[in-house]
Amino acid sequence: MKRPLIAGNWKMNTSPTAGFALYKELLSGKNAGAFSEDLEWLVLPPFTHLGAFQQLGGIQVGAQNCSQHSQGAFTGEISVDMLSDLGCRYILVGHSERRQYFKEGAPELIGKVSQIMIAKCIPIFCVGETLEEREQGITEEVLERQIREVFDQFSYISVDVVLAYEPVWAIGTGKTATVEQAQEAHAFLRQLWSKFVGENRAKNTRILYGGSMKPDNAGALLSMPDIDGGLIGGAALNANAFLSIAAEF
Ligand code: 13P
């Protein structure tokens with residue numbers, strides 16, 4: 001039985017001090033019973049916060065990005081081993097902001113996914129179409145290309161990858177995909193994913209929805225059969241909002 005996953009992607013927000021205060025607020029919520037054991041919770045803070053969060057503990061942490069290289073002369077980069085040592089089991093890959101602003105494409109993403117798999121960590125692999133692509137009616141084509149250009153390179157997918165459907169037009173815009181649009185994309189991704197890992201594993205693969213998920217729309221989205229959790233941006237920066245998304249399960 002797959003356990004839904006609720007992940008908060010803090011992006012480049014909060015100072016280490018403010019982030020620590022937010023982490024502690026979430027922890028108080030957890031200690032007060034706000035976190036159902038039926039859900040897996042995860043926060044993805046900036047790298048600079050990870051050491052302090054790991055020391056305090058209590059809520060699982062992951063990373064927003066990693067290097068495609070294992071180690072060496074790559075100034076400014078952070079390797080999967082470094083992240084794993086700081087307690088990160090989940091690492092985000094292919095977020096649209098990285099694709100768009102840092103021009104990450106298949107070569108970088110293949111490197112990152114393989115580093116993550118070598119370390120036996122888990123990639124949360126993001127895909128999603130732009131508004132223009134949706135209006136052209138090529139959403140499925142785009143999702144399939146984003147998956148294939150990376151995962152066709154692996155003869156065996158050795159870890160339980162998490163997929164995230166994040167329609168670019170719904171990220172940080174306050175616009176959300178309708179539950180029908182989201183369910184349709186998720187069902188398509190699951191069926192596509194079965195070609196890589198087989199039907200049984202695909203059935204148990206968690207596919208998260210991301211794109212302006214908030215307490216008031218989370219319930220409807222999370223009730224859909226192929227939506228297995230959320231990847232939350234803005235609302236994850238507010239402890240009450242993040243915690244009340246859990247209450248929707
Ligand atoms: P928002 O929830 O702010 O739209 O961000 C979604 C996202 O990009 C999560 O990775």
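We count ligands from 1, going down the list as the structure has it; atoms in each ligand are counted the same way. If you're wondering where the values come from, they're calculated on a predicted model, not measured in any experiment. The basis for the numbers below is simple: all heavy atoms, side chains too, and nothing from hydrogens, waters or symmetry mates.
- Those atoms of ligand 1 that come under 4.0 Å of a heavy atom in Gly172, given as number and element, are 1 (P), 3 (O), 4 (O).
- Applying the salt bridge (Lys or Arg N to Asp or Glu O under 4.0 Å) test between Asp228 and each of Arg190, Arg206, Arg3 identifies Arg190 as the sole match.
- The part of Ala170 lying near ligand 1 is the backbone, judged by heavy-atom distances below 4.0 Å.
- Using modelled atom types and a 3.5 Å distance limit, the side chains of His69 and Ser79 yield no donor-acceptor pair.
- Residue-to-ligand polar distances place Gly234 within reach of ligand 1: an N/O pair is separated by less than 3.5 Å.
- One distance of note links CG of Leu208 with NE2 of His186; it measures 7.5 Å at 0.5 Å rounding.
- The proximity of Asn9 to ligand 1, defined as any non-hydrogen pair under 4.0 Å, is limited to the side chain.
- Ligand 1 lies less than 4.0 angstrom from a heavy atom belonging to Gly211.
- Residue contact annotation: Lys214 has no non-hydrogen atom under 4.0 Å from ligand 1.
- Regarding atom 9 (C) of ligand 1, its nearest protein heavy-atom neighbour is Glu166 OE2, 2.9 Å.
- In this structure the side chain of Arg98 never reaches within 4.5 angstrom of the side chain of Glu108, judged on heavy atoms.
- Nearest protein heavy-atom contact of atom 2 (O) of ligand 1 is Gly233 N, 2.9 Å.
- In this structure, the side chain to side chain contact (heavy atoms under 4.5 Å, CB included) partners of Ser244, at least two apart in sequence or on a different chain, are Pro215.
- Per-residue contacts place Ser212 under 4.0 angstrom from the following atoms of ligand 1 (heavy atoms of the residue considered): 1 (P), 2 (O), 4 (O).
- The pair Glu104-Lys112 meets the salt-bridge criterion, since a charged nitrogen lies less than 4.0 angstrom from a carboxylate oxygen.
- In terms of N/O distances under 3.5 Å, ligand 1 is not approached by Thr173.
- Taking CD of Glu129 as the reference point, atom OG of Ser96 lies at 10.5 Å (rounded to 0.5 Å).
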